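A quick write-up on the structure given underneath.
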Amino acid sequence: MGVIAIDGPAGVGKSTIARQVAAKLGWAYLDSGAMYRVLAHAARQAGVGGSDEAALAALAASLDLVLEPGGRVLLDGQDVSEAIRTPEVTALVSKVAAVGAVRQVMVAHQRRFAERNERVVAEGRDIGTVVFPDADLKIFLDAEPSERARRRLAQAGEVPDGADVAAVEADLAVRDHRDRTRAVAPLAQATDAERIDTSQMTLREVFDAVWVRVRSAVRP
Ligand code: DC
């Protein structure tokens with residue numbers, strides 16, 4: 001099995017980079033955040049609130065969730081790839097992801113995905129620390145909050161219409177705080193991960209910096 005783990009905070013560009021690296025290597029791409037988003041989406045549909053941990057855990061255990069190696073996400077056989085990116089789902093997801101029993105289910109999903117696909121570029125918050133501690137390469141992408149807010153704003157869909165950089169940055173700060181301070185699998189850099197501060201870098205430069213490390217860690 002081959003695993004490249006790319007972790008980092010919201011809005012840093014993990015998905016774009018992980019997807020590009022996976023495509024160039026011909027490996028599967030695992031967007032672990034999408035799994036938590038599917039659960040948040042399902043919780044909204046079922047009327048389950050972010051603080052009802054027992055109901056969230058039960059929902060997670062019964063979820064018919066499929067992540068396709070190319071990145072498409074299915075819930076009960078329906079493509080929900082876009083529905084899980086709405087501001088409403090984004091607002092709920094870090095609460096859902098803080099529930100220990102939910103994380104157990106999702107981590108098991110993620111490991112099964114890697115076993116099935118054998119070679120995987122996985123991105124998230126705990127991929128190098130918890131999910132795949134023996135990954136062949138661990139990268140921690142980081143950037144200043146204002147820069148992450150700008151990047152997020154440049155992507156359509158996830159932020160409410162009319163939001164400005166300050167509003168998006170404030171929202172990111174709330175999610176960052178929840179992701180970093182939760183009791184189970186908080187966002188943290190693995191001790192053996194390489195941190196790349198991308199604040200001053202273009203996407204292309206980030207890709208190149210990651211690719212150099214990929215080339216020396218795995219044989220494409
Ligand atoms: O990367 P993203 O914005 O799609 O992640 C959605 C949420 O899921 C975010 O609040 C952090 C959480 N998450 C997590 O706790 N662990 C992961 N491995 C991936 C995402």
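Whatever order the structure lists ligands and atoms in, that order sets their numbers, starting from 1. Being a predicted model, the structure only gives us computed values, none of them experimental.
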**Request:** Report the part of T90 in contact with ligand 1, treating N, CA, C, O as backbone and CB onward as side chain, heavy atoms under 4.0 Å; options are side chain, backbone, both, neither.
**Result:** neither

**Request:** Assess whether atom CD of E205 is packed by more than 12 heavy atoms of other residues, nucleotides or ligands within 6.0 Å.
**Result:** yes

**Request:** Would you mind checking which non-hydrogen protein atom is closest to atom 3 (O) of ligand 1, with the distance to 0.1 Å?
**Result:** R175 NH2, 2.8 Å

**Fill in**
Contact region, A10 to ligand 1, non-hydrogen atoms below 4.0 Å, reads neither

**Message:** Heavy atoms only, cut-off 4.0 Å: how does M35 contact ligand 1, side chain, backbone, both, or neither?
**Reply:** neither

**Prompt:** Could R85 and D31 be called an ion pair, given the rule that one side-chain N must be under 4.0 Å from one carboxylate O?
**Reply:** yes

**Request:** Go through ligand 1 atom by atom and flag the ones less than 4.0 Å from a non-hydrogen atom of D179.
**Result:** 9 (C), 10 (O), 11 (C)

**Prompt:** Are K14 and D7 ion-paired here, with the side-chain N under 4.0 Å from a carboxylate O?
**Reply:** no

**Prompt:** Heavy-atom contact under 4.0 Å between Q110 and ligand 1?
**Reply:** no

**Message:** I'd like to know whether CZ of R119 has more than 12 heavy-atom contacts from other residues, nucleotides or ligands below 6.0 angstrom.
**Reply:** no

**Message:** Just to be sure I'm reading this right: ignoring hydrogens, which of K95, K14, E123, R125 gets closest to atom 13 (N) of ligand 1? Compare them by their nearest heavy atoms.
**Reply:** R125

**Prompt:** Using a distance-only test with no angle check, is there a side-chain donor-acceptor pair under 3.5 angstrom linking T90 and R37?
**Reply:** yes

**Asked** Between R178 and ligand 1, which part of the residue brings a heavy atom under 4.0 Å of the ligand: side chain, backbone, both or neither?
**Response** neither

**Message:** In the structure I gave you, are the side-chain heavy atoms of K138 and R213 within less than 4.5 Å of one another anywhere?
**Reply:** no

**Prompt:** With a 4.0 Å cut-off, would you call E115 and R111 a salt bridge?
**Reply:** no

**Message:** Looking only at distances, can you tell me whether any N or O atom of R37, backbone or side chain, sits closer than 3.5 Å to an N or O atom of ligand 1?
**Reply:** yes

**Message:** Suppose I only count heavy atoms of D126 and a 4.0 Å limit; which atoms of ligand 1 are within that range?
**Reply:** 16 (N), 17 (C), 18 (N)

**Fill in**
atom 19 (C) of ligand 1 has as its nearest protein heavy atom S32 OG, 3.3 Å

**Asked** Going by heavy atoms in the side chains, are L63 and M106 under 4.5 Å from each other?
**Response** yes

**Asked** Starting from atom 20 (C) of ligand 1, which protein heavy atom do you reach first, and at what distance in Å?
**Response** G33 CA, 3.5 Å

**Contact atoms of ligand 1, heavy-atom distance to V93 under 4.0 Å** = 6 (C), 7 (C), 8 (O), 10 (O)

**Prompt:** Do L172 and E169 come close enough that some side-chain heavy atom pair is under 4.5 Å?
**Reply:** no

**Asked** Would you say R182 contacts ligand 1, with heavy atoms under 4.0 Å as the rule?
**Response** yes

**Asked** Are D171 and R152 close enough for a salt bridge, meaning some N to O gap below 4.0 Å?
**Response** no

**Message:** I need the atoms of ligand 1 closer than 4.0 Å to a non-hydrogen atom of A97, numbered in the order shown.
**Reply:** 12 (C), 15 (O)

**Complete:** The closest protein heavy-atom partner of atom 16 (N) of ligand 1 is R103 NH2, 2.9 Å

**Item:** Contact atoms of ligand 1, heavy-atom distance to S94 under 4.0 Å
**Value:** 10 (O)

**Asked** Strictly by modelled atom types, are E123 and S32 linked by a side-chain donor-acceptor pair under 3.5 Å?
**Response** no

